[in-house]
Structure formats: C-alpha cells, structure tokens
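Below: the structure, in structure tokens.
We count ligands from 1, going down the list as the structure has it; atoms in each ligand are counted the same way. As the structure is a prediction and not an experimental result, all values here were calculated from the model.
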Amino acid sequence: MFNLVLFGPPGSGKGTQSITIASTYHLQHISTGDLLRDEVERQTALGVEAKKYMDQGLLVPDEVVIGMISSKIDESQDARGFIFDGFPRTKAQAEALDKLLEFKNTKIDLVLALDVPEAELIKRLVGRGASSGRSDDNEEVITKRIKEYHSKTEPVANYYDAHDKLERVKGDHSIEDTFKLLARHIEKYLLPA
Ligand code: B4P
C-alpha cells in the first residue's frame with residue numbers, strides 16, 4: 001500500500017492535482033473539502049455544523065473531520081493506497097491519521113507540499129469563486145483562510161519533515177508541469193497502474 005498526503009495552502013492546486021494523481025496511480029482520493037461540501041449540500045447535521053466554519057474561512061473542528069476520514073478509510077478496504085487531499089490540516093489531525101493507519105498496518109509514505117506565492121493563490125481562488133460560486137472564495141474569506149493556514153496548518157509540514165517524509169514542490173507552474181514535478185517524487189515509490 002502507498003499513502004500520499006498532498007499538502008499546501010488554499011488554492012495551491014491540491015484538488016486539481018489529486019484527481020490526476022489518483023487516476024494515474026490508481027489511488028483512492030480522499031478530499032476532506034469535497035466530503036464536507038457534500039455534507040453541506042445534503043444539509044446533514046454534520047454539514048450544517050461545518051458550514052458555519054467554512055463560510056468564515058475557518059477550519060472545521062478536528063473531531064468532525066477525523067470521524068469523517070475514519071469511515072471513508074474503512075469503506076475502501078481494497079485500495080492500492082490513498083491520496084489525502086486537504087487532510088491533515090492540523091497537528092492533531094496528523095497524529096490521528098497516523099493512529100488510524102497504524103491500526104490498518106499501514107502508514108503515510110510521502111508528503112508532497114505545493115509551494116505557491118500568496119498573490120497567485122488569491123488570484124486563483126478569486127477566479128474559482130467567479131466561476132463556481134463557492135461561498136468561501138471571495139477575497140475577505142480567502143484572506144482568512146490563508147491566515148488560518150499559516151497559524152494552524154503550516155506546522156503540519158514540520159511534523160512530517162521531522163519524520164523525513166516531506167518533499168517541497170513548486171506549484172506555480174502550469175497544471176501539467178506541476179504534475180510532472182509531483183510524479184517524479186511519486187515514482188520513487190510506485191509506477192502508473
Ligand atoms: P478545500 O476544499 O481543501 O480547498 P482549497 O484548499 O481551497 O483548494 P485546493 O488547494 O484544493 O485548490 P484547487 O486545486 O481547487 O478546503 C475548503 C474548506 O473546507 C477549508 O477552508 C475548511 O473550512 C474546510 N476543510 C477542508 N478540509 C479540512 C480539514 N482537514 N480540517 C478542517 N477543515 C477542513 O485550485 C484552486 C484554483 O486554482 C482552481 O480554480 C484551479 O483550477 C486553479 N489552479 C490549480 N492549479 C493551477 C495551476 N497550476 N495554474 C493555474 N491555476 C491553477
């Protein structure tokens with residue numbers, strides 16, 4: 001089994017790249033952003049709670065996200081491996097993920113951190129907001145999301161660096177060229193399926 005975390009600030013291209021990585025290497029894609037938006041759309045109790053945070057650019061509480069991930073991993077028993085997109089976003093989530101995977105006799109193999117300048121992040125997210133209508137893609141909320149990233153999520157990179165799992169990749173190239181850079185790291189572990 002090969003398990004990958006795709007890490008980076010909001011708008012760095014985690015979701016965009018995860019889709020291609022998942023299909024190229026046959027990995028099960030788990031995006032906490034997508035899972036949360038699905039709960040919001042279906043107006044479940046979890047979704048109603050999560051929306052309060054997402055609309056403000058804040059992270060959803062750890063216990064909500066960890067519970068959601070745990071059941072998603074359980075649903076995918078036969079996967080070749082997982083690509084975690086947008087998770088973990090706090091040190092508590094990283095520790096919880098290690099425990100969940102250990103219980104399944106597996107672990108995180110590689111963490112790829114996308115590095116994109118802040119002005120480019122804002123430009124991309126404002127652009128996405130204009131076309132998708134996502135409620136968290138307006139300039140005021142984007143600024144809060146980036147602040148939340150620096151205070152709560154960036155320390156997760158140090159956590160994985162201390163475990164020798166982190167590789168930094170420049171994410172301000174085209175979508176195709178960024179994928180090629182990511183693929184170079186992934187293919188040290190597994191080839192396209
Ligand atoms: P997410 O859904 O994870 O979204 P994101 O960080 O905004 O975007 P991502 O990095 O995936 O960027 P994308 O590829 O879409 O999070 C949304 C919210 O959910 C969070 O704020 C939080 O409230 C909540 N949440 C999610 N996970 C959580 C967790 N674990 N704990 C707590 N709360 C959680 O790219 C963005 C745009 O850029 C797109 O329009 C794309 O087309 C464009 N783009 C991508 N790559 C490009 C490139 N190379 N060049 C030009 N444009 C590019």
Ion pair E187/R184, N-O distance below 4.0 Å
no
Should the pair D74-K72 be classified as a salt bridge under the 4.0 Å nitrogen-to-oxygen rule?
no
Suppose the criterion is ring-ring contact (aromatic ring centres under 6.0 Å, His included): which pairs have a residue in residues 89-122, not counting sequence neighbours?
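As it turns out, there is no ring-ring contact (aromatic ring centres under 6.0 Å, His included) pair with a partner in residues 89-122 once direct neighbours are skipped.
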Verdict with reasoning, E120 to R124, per side-chain contact (heavy atoms from CB on, under 4.5 Å):
CA-CA 6 Å; E120 172 70 14; R124 287 183 188 178; 2.9 Å; yes
Can you see which heavy atom on A96 is nearest to which on I66, and at what distance?
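Heavy atoms only, the tightest pair is CB-CD1, 3.6 Å.
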Ignoring hydrogens and angles, tell me if any N or O in the side chain of Q17 forms a donor-acceptor pair with the backbone of G13 under 3.5 Å.
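No, the answer is negative, given that no donor and acceptor are paired below the 3.5 Å cut-off.
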How would you list, by chain and number, the residues with a heavy atom under 4.0 angstrom from ligand 1?
P9, P10, G11, S12, G13, K14, G15, T16, T32, G33, L36, R37, M54, L58, L59, V60, V65, G86, F87, R89, Q93, R124, R128, R134, D136, R145, H173, S174, I175
